[in-house]
Amino acid sequence: MVLAMDTNYDPQQIETKWQKRWQEEKLFDADIAPGRKKYYVLEMLPYPSGDIHMGHVRNYSIGDALARYMSMKGYNVLHPIGWDAFGLPAENAAIKHQRPPAEFTFSYIERMRKQLQRLGISYDWRREIATCVPEYYRWNQWFFIKMYERGLAYRKHSRVNWCPECQTVLANEQVVDGCCWRHEETPVTEKDLEQWFLKITDYAERLLDDMQELVRWPERVLTMQQNWIGKSRGTEVDFQIAELGLPLRIFTTRVDTIFGCTAVFLAAEHPLVEKLTAASKSPERLRADAERIRNSANRARVEVNLEKDGVATGFTAVNPYNGEQVPIWLANFVLTGYGTGAVMAVPAHDQRDFEFCTTFNLPIRTVIVPVDDVGAGLKPAPTEAFVDYGKLVDSWPYSGLTSEQAIQRMTEDAEAKGFGKGTVQYRIKDWGISRQRYWGTPIPMIYCEACGIVPVPEKDLPVVLPADVKLTGQGQSPLARVPEFVNASCPKCGGPARRETDTMDTFVDSSWYFYRYTDPKIATAPVSKEAVEYWFPVDQYIGGIEHAILHLIYMRFFTKVMKDIGLVSFSEPVARLFTQGMVIKDGSKMSKSKGNVVDPTAMFARYGADTVRLYMLFAAPPEKDLDWNDAGIEGSARFLGKVYRMVAKHADELRFVESVLGKGNSLADLTAEERRLLRKSHQVLRHVTEDMEERWHFNTDVAMTMELVNELTELDSAASAGQIRPETLKVSLEVLVLVLALFAPHIADELWESLGHREPTLRVQWPAYDPELAAEEELEIPVQVNGKLRGRIRVAVGTSEEDIRQLAQADEKVAQHLDGRKIVKIIVVPQKLINIVVK
RNA sequence: GCGAAAGUGGCGGAAUUGGCAGACGCGCCAGACUUAGGAUCUGGUCCCGCAAGGGGUGGGGGUUCGAGUCCCCCCUUUCGCACCA
C-alpha cells in the first residue's frame with residue numbers, strides 16, 4: 001500500500017527516524033578494508049563542558065559534509081569523535097559543588113553525546129574515546145616514560161608562568177599577551193618551581209623542516225608556528241671581564257657591527273650578576289639596582305614598550321676583535337631566557353641599543369654604511385639606528401666587506417681564535433607539563449631518597465588517579481595530600497619513596513588522541529601499527545585557528561617522537577588542515593557575559609538539526625567568521641520546507657518510475673523544458689562536485705541547490721502539462737536530494753526513500769555530472785561599445801566570431817551607439833562578451 | 001612598530017582564469033489565497049532619473065579595448081608577532 005506523503009515537513013519526526021535507522025544499519029561504522037581507498041576526516045575533539053555550542057555545530061557540519069561526500073565517492077571514511085575529558089573546568093565545578101570531577105565529566109559527556117547525536121553527524125561511535133579513563137591516560141604515562149628514557153622528559157627548577165585564576169602553572173604557549181589563555185584578563189605571574197619539561201626544543205629543527213610537507217596547511221598557521229619556533233642564526237662571542245678575568249659570552253646575529261660596540265648589556269638575572277655584585281665596590285647599591293631592573297624587566301611581560309632602564313655595574317668587558325674595553329651595564333630589555341642573556345650594545349645599528357645609549361649618554365659609533373654610500377662629507381648626528389645590511393667602515397681589518405661577507409669571515413675568525421662560534425638560537429622553549437591540579441594524568445615518577453628519580457615500571461602502569469580527593473583549588477597539588485597515593489616503594493630498591501603529585505598538562509592528552517581512534521581499545525600499546533598504517537595520515541583535519549601554536553605544534557612534536565620510538569613510519573600526521581571561522585553574534589564572540597549565546601539544542605528543537613546545519617554552511621564560507629542571524633535561519637527552514645513539499649508533491653507519481661540518474665539522458669529525445677531542467681541539474685552537480693573537491697565554499701553549493709529548486713518551481717506548470725516526463729523530473733529531484741544529503745542528511749534520506757529508494761543516501765554513489773547536459777546551447781552575449789554595456793545578443797553555442805560581430809553591430813541599441821563613429825577594433829571574448837571600440 | 005588577511009546594496013554574501021557587478025538568501029515593498037497569517041504562492045527591490053541616460057565594489061592614481069579582480073600611494077578593520085639581540 002502506498003501512503004500519500006505528509007506534506008508538512010516535520011523535522012523532529014524525520015530526524016529521529018533516520019538517526020535510529022542509521023544506527024541500526026551501522027551506517028557510519030568504518031573498518032579496515034585493505035585495498036579500498038580510505039579517507040580520514042577529523043575534527044578537533046571537544047572538551048565536555050556540558051553543552052555543545054555553535055562553534056562545535058559549525059565545525060562538525062563542515063566535517064560531516066566532507067565525510068558524506070567522500071563516502072558517496074566510494075571512500076572508506078573514518079570519522080571519529082571523542083572527549084578531551086581532563087581539565088580545569090570540571091575540577092573547578094567539583095570544588096564549587098563538592099562532587100568529584102569524574103562525576104561532572106561523565107555526566108557532561110553523556111549530555112553532549114546526546115546533543116551531538118541529535119545533530120546526526122556521521123560518527124563511528126564505536127570509536128569514541130575519553131581521555132580521562134585509565135585505559136587512555138596510561139598511555140600518556142607510557143609516552144612520558146619513553147621520553148624520560150630518551151632524555152626528552154626532564155625535571156628542572158625554573159621560573160615558570162603561574163595563572164592565579166587556574167592556580168597552576170602554564171606552558172609558554174598558554175600565555176597570551178602576558179595573560180592566561182583561558183583567562184584573558186588575568187595577568188600571569190611567576191613562580192619558582194621544580195617542573196617536568198618535554199624537550200620540544202630538540203625537535204625545533206625538524207618542526208621547521210617538515211613544514212615543507214605541510215603544503216595543504218594554511219600559510220597563516222605555518223607562519224605562526226615559524227615565528228613561535230623563532231630560529232635565528234648568529235654568533236656567540238666571548239668578551240672578557242677585565243677586572244675579574246672571567247669570560248662573558250654574548251649572542252648576536254650582527255657580528256659585523258661589533259666594531260661599533262660601545263657597551264655590553266646583561267639581563268638582571270644573568271648568573272654573572274651575583275659575581276659582579278660580590279666583587280663590586282658598592283655591592284649593596286648594585287644589588288638594589290639589579291633588583292629594580294629585574295622588576296622592571298618582569299613588567300615588560302604585560303606592558304609593551306616599557307621604557308628602557310639600566311645601571312652601570314662599574315665593570316668593563318674586553319671586545320676580543322679589537323681589544324677595546326667597554327662598560328658592562330644591566331639593562332631591563334635584555335631577556336634571560338634567550339641567547340646567552342647578554343648582548344653587545346651597538347647603538348648605531350640596533351634600535352633598542354640606540355634608545356638605551358641615547359638615554360644614558362653612551363657613545364654611538366657608525367661602522368656600517370649603505371653599500372652605495374660615497375663616504376664623503378659630514379654626517380648629521382643619527383636620530384635612529386641604521387639597521388640594514390651594508391658595508392663595513394672603521395672595522396679594520398674587515399672594512400670594505402659587506403655585512404654578509406663580514407658575518408661569515410668574522411665568525412670563522414672567532415672560531416679559529418677560540419673566542420666564539422657560529423650558533424643557532426630558538427625562541428621556542430621546552431614544554432612545561434607539570435600542573436598543580438588534580439584532574440589530569442598523574443606523572444608516573446617516584447622519588448626515592450636512595451635512588452633519586454625513578455620512573456614507574458611499565459608493568460605498573462597506569463598510575464591511577466585516586467578518587468575521593470579533597471579539592472580546594474588553593475594552588476598545591478591535591479594529590480600531595482593523599483598519603484595512600486604519595487607513599488610508594490621505590491621500584492629500584494624497594495625502600496620508602498614518594499610519588500610525583502603533579503598531573504600533566506591536558507595538551508598531552510590531545511597530542512596523540514587521533515591515533516587512538518584507529519584502534520581505540522588496544523590494551524597492549526598506545527596505538528596499533530596496522531591500524532595506523534591503514535588510516536594515516538589524517539586526510540583532513542578541521543578546527544579553530546586558536547590552536548595554531550598550541551595543540552597543532554604539540555601534536556606534530558608527538559608524532560616525531562612516535563616516529564623515533566618506532567611507533568609510526570611518518571613525520572607528519574595531518575595532510576591537510578582547515579581552520580574554520582568563529583560563530584559570532586552582533587559582531588562579537590558569543591559569551592555568557594555578553595548574553596549573546598545561541599543555544600544549539602534550542603535551535604534543534606525549534607527547527608531541527610538539518611536546518612541548523614544548512615544555515616551553518618549557507619551563511620558564510622567556512623573560513624570566515626559567521627555572524628549568527630535569527631532571521632537568517634528562518635530562510636534555511638523555509639527552504640527545506642519548500643524542498644520537502646516539492647518532492648512530496650511528486651513522490652507518489654515518481655516512486656515507481658525507473659530511475660535513470662547516472663544512466664545518461666539522450667539529448668536528442670528531450671523537450672526544451674526537459675533540456676532546461678537537466679541542464680540546471682547537471683550544472684548544480686558540476687558546481688558542487690568541483691567545490692567539494694577543492695574550494696569548499698559550501699555557501700555557494702547551497703545557493704546552487706536553491707537555484708535548482710527555483711528552476712523546478714518555474715518549470716512546475718510545464719511538468720503538469722506533460723512537457724517534462726516523469727523520468728526526467730525524477731532525475732532532477734534525485735540530484736536535488738543527493739546534493740542536499742551532504743548538508744541536510746535527514747531530510748535527504750526521507751525524500752530519497754519517498755522517491756522509491758531503499759538504501760540511505762550515504763550508500764548511493766555520487767552521480768557524475770554530464771558535461772554535455774550541463775552545457776548551455778544558447779548564450780546571451782553582452783555587447784559593449786567602448787567598454788559600456790549597450791545591448792545583448794542571443795547566439796547558439798559555436799556561432800562563429802564573424803557572425804557574432806555581425807549580429808552585435810546589427811543590434812538596434814548597439815547600432816545607435818555606433819552611428820557616425822569609426823570602429824577602431826572589435827574584441828570578441830569567446831562565449832563571454834564582445835566589445836566594439838569606436839572613435 | 002613589523003607581518004598577513006580583508007573592505008562589494010539596508011544585512012549575510014556571490015562574481016573560481018582581467019570580460020554582463022550584486023548569484024543565492026535575509027529584510028523590505030506590492031499583490032494572491034485566507035476567518036486569520038509569524039504559513040504558502042506571485043512580482044519588485046544597488047543609487048540618481050518620468051525616461052533616455054548617468055553613477056557605482058573604502059579613497060586617490062595607473063596599466064588595459066575592458067579592473068571588484070593586476071600595479072603604486074593612502075585610509076579603515078580583523079588577526080598574528082612585538083624589546084628574541
Side-chain angles (χ1 to χ4, degrees), chain A residues 7-8 176-177 218-221 223-224 226-228 230-232 234-235 250-255 257 265 297 300 303-308 331-335 337-346 349-353 355-356 387 425-428 545-546 548-549 581 614-615 618-621 623-636 638-639 641-642 645 687 690-691 694-695 697 699-707 709-710 713 716 780-792 813 816 824-838:
Chain A
T7 48
N8 285 320
V176 179
D177 291 334
E219 200 52 50
R220 200 152 63 113
V221 172
T223 307
M224 283 167 75
Q226 230 160 42
N227 292 342
W228 185 256
K231 177 181 180 174
S232 63
T235 313
I250 60 104
F251 172 73
T252 179
T253 55
R254 290 297 304 273
V255 70
T257 65
F265 296 156
E303 277 171 59
V304 279
N305 293 329
L306 194 75
E307 218 165 278
K308 302 253 176 315
N332 66 344
F333 69 92
V334 179
L335 304 169
Y338 184 80
T340 61
V343 300
M344 64 176 188
V346 184
H349 305 295
D350 180 284
Q351 190 56 28
R352 297 153 300 186
D353 296 344
E355 285 164 25
F356 191 98
V387 298
Q425 288 291 334
Y426 297 94
R427 201 183 92 117
I428 192 171
I545 186 95
E546 67 273 15
I549 52 159
L614 189 77
Y615 177 63
F618 179 60
E623 72 279 5
K624 280 188 59 171
D625 284 352
L626 183 157
D627 203 340
W628 179 273
N629 180 329
D630 288 328
I633 193 172
E634 295 276 353
S636 295
R638 272 205 291 264
F639 173 68
K642 190 170 173 179
R645 285 190 303 277
H687 179 97
E690 285 171 358
D691 191 74
E694 199 55 41
R695 216 168 65 115
H697 276 198
N699 54 329
T700 65
D701 300 336
V702 176
M704 286 299 278
T705 314
M706 289 170 169
E707 285 187 34
V709 170
N710 291 345
T713 306
D716 195 51
E780 193 180 63
I781 298 197
V783 183
Q784 296 181 339
V785 178
N786 283 350
K788 286 194 187 294
L789 183 69
R790 295 303 181 190
R792 296 163 197 279
K813 275 203 175 159
Q816 277 172 29
V824 180
K825 189 169 173 187
I826 298 178
I827 291 123
V828 179
V829 186
Q831 319 274 313
K832 290 274 189 188
L833 169 143
I834 171 164
N835 188 12
I836 303 171
V837 187
V838 295

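These figures come from a predicted structure and were not determined experimentally.
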From the set [options], return the single nucleotide nearest to any side-chain atom of [X].
| X | options | answer |
| --- | --- | --- |
| A:Gln784 | B:rU16, B:rC20, B:rU42 | B:rC20 |
| A:Val837 | B:rG19, B:rA85, B:rC65 | B:rC65 |
| A:Ser232 | B:rA85, B:rC65, B:rG53 | B:rA85 |
| A:Phe333 | B:rA14, B:rC83, B:rC24 | B:rC83 |
| A:Arg638 | B:rA21, B:rC26, B:rG53 | B:rC26 |
| A:Lys825 | B:rC65, B:rU16, B:rC24 | B:rC65 |
| A:Thr252 | B:rC20, B:rC24, B:rA85 | B:rA85 |
| A:Pro621 | B:rC20, B:rU40, B:rG13 | B:rG13 |
| A:Ala703 | B:rG19, B:rC24, B:rG80 | B:rC24 |

Margin query: Is the shortest side-chain heavy-atom distance between A:Trp628 and A:Ile633 below 4.5 Å?
Written below: yes
Notebook entry, point to check: Mind telling me whether B:rG27 is syn or anti, cutoff 90° either side of 0?
Noted result: anti
Next item on the list: Could you please spell out the steps behind the side chain to side chain contact (heavy atoms under 4.5 Å, CB included) verdict for A:Thr257 and A:Met344?
Entry: CA-CA 10 Å; A:Thr257 65; A:Met344 64 176 188; 3.5 Å; yes
Base, sugar-phosphate, or nothing for [X], non-hydrogen atoms under 4.0 angstrom?
| X | value |
| --- | --- |
| A:Gly230 | nothing |
| A:His349 | nothing |
| A:Val334 | base |

Using whole Å, what does the distance between atom [atom2] of nucleotide [N] and atom [atom1] of [X] come to?
| X | N | atom1 | atom2 | value |
| --- | --- | --- | --- | --- |
| A:Asp701 | B:rC24 | CG | P | 15 Å |
| A:Glu546 | B:rC79 | CD | P | 13 Å |
| A:Leu614 | B:rG25 | CG | P | 12 Å |
| A:Asp350 | B:rA85 | CG | P | 10 Å |
| A:Arg254 | B:rA85 | CZ | P | 12 Å |
| A:Asp630 | B:rC11 | CG | P | 18 Å |
| A:Asp353 | B:rA85 | CG | P | 12 Å |
| A:Met704 | B:rC24 | CE | C1' | 10 Å |

If the cut-off is 4.0 Å, is [X] near the phosphate of [N], judged by side-chain N/O to OP1 or OP2?
| X | N | answer |
| --- | --- | --- |
| A:Arg427 | B:rC81 | no |
| A:Arg220 | B:rC81 | no |
| A:Asn835 | B:rG19 | no |
| A:Lys624 | B:rG13 | yes |
| A:Thr700 | B:rG13 | no |
| A:Arg790 | B:rG66 | no |
| A:Lys788 | B:rG66 | no |
| A:Asn710 | B:rG25 | yes |

Please name the nucleotide paired to [N] by Watson-Crick or G-U wobble geometry with both distances under 3.5 Å, or report none.
| N | result |
| --- | --- |
| B:rU64 | none |
| B:rG22 | none |
| B:rA82 | none |
| B:rG9 | none |
| B:rU69 | none |
| B:rG31 | B:rC41 |
| B:rC46 | B:rG55 |

Item checked: Stepwise side chain to side chain contact (heavy atoms under 4.5 Å, CB included) test for A:Ile545 and A:Arg220 -> CA-CA 9 Å; A:Ile545 186 95; A:Arg220 200 152 63 113; 3.5 Å; yes
Would you confirm whether [X], through its side chain, and [Y], through its main-chain N or O, come within 3.5 Å as a donor-acceptor pair?
| X | Y | answer |
| --- | --- | --- |
| A:Asn786 | A:Val838 | yes |
| A:Tyr615 | A:Asn629 | yes |
| A:Asp627 | A:Ala619 | no |
| A:Arg254 | A:Val387 | yes |

Checklist line | Derivation of the side chain to side chain contact (heavy atoms under 4.5 Å, CB included) call for A:Thr700 and A:Arg695 | finding: CA-CA 10 Å; A:Thr700 65; A:Arg695 216 168 65 115; 4.2 Å; yes
Taking atom [atom1] in both [N] and [M], compute the distance separating them and give it to the nearest angstrom.
| N | M | atom1 | answer |
| --- | --- | --- | --- |
| B:rA21 | B:rG13 | C1' | 13 Å |
| B:rG62 | B:rU69 | P | 15 Å |
| B:rU78 | B:rG58 | C1' | 15 Å |
| B:rC41 | B:rU17 | C1' | 41 Å |
| B:rC75 | B:rG66 | P | 29 Å |
| B:rG56 | B:rG61 | P | 11 Å |
| B:rC72 | B:rC83 | C1' | 33 Å |
| B:rG9 | B:rA5 | P | 22 Å |

Notebook entry, point to check: Think A:Lys308 forms a cation-pi with A:Phe356, using NZ or CZ under 6.0 Å from the six-ring centre and within 45 degrees of its axis?
Noted result: no
Notebook entry, point to check: With distance as the sole criterion, do the side chain of A:Lys308 and the base of B:rC83 form a donor-acceptor contact below 3.5 Å?
Noted result: yes
Notebook entry, point to check: CG/A:Asn699 to CG/A:Leu614 distance, rounded to the nearest 0.5 angstrom?
Noted result: 11.0 Å
Notebook entry, point to check: Which residue, A:Thr340 or A:Gly632, contacts RNA chain B at a nucleotide closer to its 5' end, judged by nearest heavy atom?
Noted result: A:Gly632
Next item on the list: Please tell me which of A:Met224 and A:Arg792 maps to the more 5' nucleotide of RNA chain B, matching each residue to the nucleotide holding its nearest heavy atom.
Entry: A:Arg792
